[in-house]
Amino acid sequence: MLSLLLSAMLAVHTMAVMEVHVPEQPVVALYGSDALLNCSVSLLGPFNLTDLSVFWQLTDTKRSVHSYSDGTDQLTEQAQRFANRTSLFPSALPLGNMSLLLRRVVVADEGSYTCFVRVRDYGSASLWLQVAAPYSKPVVTLEPESNLRPGDEVSLTCEAYGGYPQAEVVWQDGGGRNLTENITTSAVATEEGLFTMTSVLKVLLEPNSTYSCQLVNPLLGEEGNAFVTITGQNMAFPPVALWVTVGLSVCLLVLLIALAAVCRRKIKESCEEARREAEEARELEEEESKTAMQLLKS
Ligand SMILES: *[C@@H]1O[C@H](CO)[C@@H](O)[C@H](O)[C@H]1NC(C)=O
Ligand SMILES: *[C@@H]1O[C@H](CO)[C@@H](O)[C@H](O)[C@H]1NC(C)=O
Ligand SMILES: *[C@@H]1O[C@H](CO)[C@@H](O)[C@H](O)[C@H]1NC(C)=O
Ligand SMILES: *[C@@H]1O[C@H](CO)[C@@H](O)[C@H](O)[C@H]1NC(C)=O
């Protein structure tokens with residue numbers, strides 16, 4: 001009880017004596033890049049560097065991220081995963097700047113860091129480091145891919161990988177309306193902690209419909225976008241082919257009718273010719289018989 005009271009008094013005391021400044025907003029660092037964890041104190045006057053101690057710790061576990069005392073880095077206690085990745089700015093220390101450079105940030109670095117400074121008095125403050133990684137461009141696939149009929153249920157799968165933190169997946173139709181029904185979104189983390197986002201949209205198939213999938217990273221904002229347009233090509237009896245078939249049939253029909261007309265005329269012509277020939281033959285016969293009769297008379 002007494003120690004609790006003492007430490008509470010100590011905390012009030014240190015806050016009053018030496019103010020340590022860190023960013024209030026989380027520090028966002030891109031995966032694989034370097035992060036600057038800013039920490040500074042308002043000094044009361046010049047001091048000797050050998051009187052300065054700086055301890056950067058993980059707030060939760062109190063594990064050492066980087067230490068400095070007696071005028072030099074003290075890294076024997078440093079947590080293994082920070083080895084060779086941290087440094088202070090020696091020339092900035094006399095100015096009260098205890099910022100830490102953390103190189104090649106990984107997802108596991110995300111969390112709270114405490115900057116603890118002692119010169120004559122001491123103070124500390126904590127900041128939050130957030131890691132962000134952009135997703136790959138999403139890819140949309142259609143399942144099943146072919147032999148589709150209007151009204152069939154199809155699954156559109158949108159996938160993007162290598163991002164952090166988990167993204168929101170937004171599906172829209174061709175008119176830009178947000179689709180919210182029949183969507184299943186899941187996230188799977190790799191060993192490095194980066195996510196693969198998979199979102200499945202189930203729709204009833206309509207020809208010439210467009211769907212788009214977009215990832216929204218809570219730290220990086222809108223990311224890649226992918227479209228899929230379901231055209232006649234995916235359909236078993238596509239409307240385009242239907243019209244081509246109908247068109248061809250009509251052409252064929254017209255052709256047949258024309259052919260029939262031509263044939264009929266030809267047939268009629270040849271019939272008439274035959275009749276004319278027959279008539280001529282009969283006339284000839286009549287004349288011949290007349291001649292014969294005349295011959296008989298004479
Ligand atoms: C850190 O660097 C030193 C010297 O360059 C090297 O011997 C050591 O293996 C490195 N440690 C890690 C964890 O990379
Ligand atoms: C501390 O020093 C670093 C490196 O020179 C610089 O980038 C940073 O802005 C400084 N921070 C403050 C609070 O002056
Ligand atoms: C669709 O949803 C996203 C994310 O929730 C939102 O930012 C956007 O304004 C919405 N758009 C429409 C047209 O509702
Ligand atoms: C969701 O799926 C059901 C069943 O497949 C369907 O009846 C409904 O129309 C779908 N909703 C939307 C918005 O597509």
Side-chain angles (χ1 to χ4, degrees), residues 6-134 162-165 191-194 217 219-220:
L6 269 175
S7 64
M9 281 168 66
L10 202 65
V12 170
H13 175 72
T14 55
M15 271 201 287
V17 169
M18 190 150 80
E19 235 175 278
V20 178
H21 306 283
V22 294
E24 279 176 30
Q25 296 297 316
V27 176
V28 177
L30 278 182
Y31 180 87
S33 71
D34 301 343
L36 180 68
L37 307 184
N38 252 315
C39 174
S40 61
V41 294
S42 326
L43 288 165
L44 302 169
F47 65 98
N48 199 328
L49 270 187
T50 51
D51 293 335
L52 172 70
S53 297
V54 179
F55 302 108
W56 276 96
Q57 291 179 329
L58 292 175
T59 308
D60 294 342
T61 60
K62 305 276 180 280
R63 298 208 59 188
S64 173
V65 177
H66 194 103
S67 299
Y68 177 100
S69 60
D70 300 326
T72 184
D73 288 329
Q74 308 286 344
L75 300 174
T76 48
E77 300 288 298
Q78 185 181 46
Q80 178 61 29
R81 64 189 183 91
F82 293 111
N84 293 348
R85 293 174 56 216
T86 59
S87 54
L88 299 172
F89 297 91
S91 60
L93 291 176
L95 308 170
N97 181 341
M98 285 71 187
S99 299
L100 180 77
L101 183 70
L102 178 60
R103 282 184 289 270
R104 299 184 302 279
V105 165
V106 294
V107 172
D109 292 338
E110 188 166 271
S112 178
Y113 291 76
T114 299
C115 171
F116 184 97
V117 183
R118 186 175 64 207
V119 186
R120 283 171 288 266
D121 292 296
Y122 49 86
S124 69
S126 301
L127 62 79
W128 190 269
L129 174 66
Q130 260 179 350
V131 180
Y164 190 87
E191 213 172 300
E192 298 85 42
L194 300 175
N217 186 317
L219 295 181
L220 303 176

Ignoring hydrogens and angles, state whether a donor on the side chain of Ser67 or Glu77 is under 3.5 Å from an acceptor on the partner side chain.
no
Distance alone, cut at 3.5 Å: any donor-acceptor contact between the side chains of Asn38 and Ser99?
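Asn38 vs Ser99: donor-acceptor pair found between side chains.
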Is there a side-chain contact between [X] and [Y] (heavy atoms, below 4.5 Å)?
{"X": "Ser126", "Y": "Val22", "answer": "no"}
{"X": "Leu88", "Y": "Leu100", "answer": "yes"}
{"X": "Leu58", "Y": "Val65", "answer": "yes"}
{"X": "Asp109", "Y": "Arg85", "answer": "yes"}
{"X": "Leu52", "Y": "Arg118", "answer": "no"}
{"X": "Thr114", "Y": "Lys62", "answer": "no"}
{"X": "Val107", "Y": "Glu192", "answer": "no"}

Going from NE2 on His66 to CD on Gln74, what distance comes out if it is rounded to the nearest 0.5 angstrom?
9.0 Å
How far does OG of Ser64 sit from CG of Leu75, to the nearest 0.5 angstrom?
7.5 Å
Determine whether Arg103 and Ser87 satisfy the following criterion, side-chain contact (heavy atoms from CB on, under 4.5 Å), listing intermediate values before the conclusion.
CA-CA 9 Å; Arg103 282 184 289 270; Ser87 54; 3.3 Å; yes
Distance-only, no hydrogens or angles: does the Glu110 side chain make a donor-acceptor pair with backbone N or O of Gln130 under 3.5 Å?
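Flag not set: sc Glu110 to bb Gln130 has no pair under 3.5 Å.
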In this structure, are over 12 heavy atoms from other groups packed under 6.0 Å from Arg81 atom CZ?
yes
So, applying ring-ring contact (aromatic ring centres under 6.0 Å, His included) with Phe116, which one of Tyr122, Tyr68, Trp56 is it?
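Single ring-ring contact (aromatic ring centres under 6.0 Å, His included) partner of Phe116 among Tyr122, Tyr68, Trp56: Tyr122.
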Which atom pair, heavy atoms only, marks the closest approach of Ala35 to Leu129?
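Result for this residue pair: CB-CD1, 4.1 Å.
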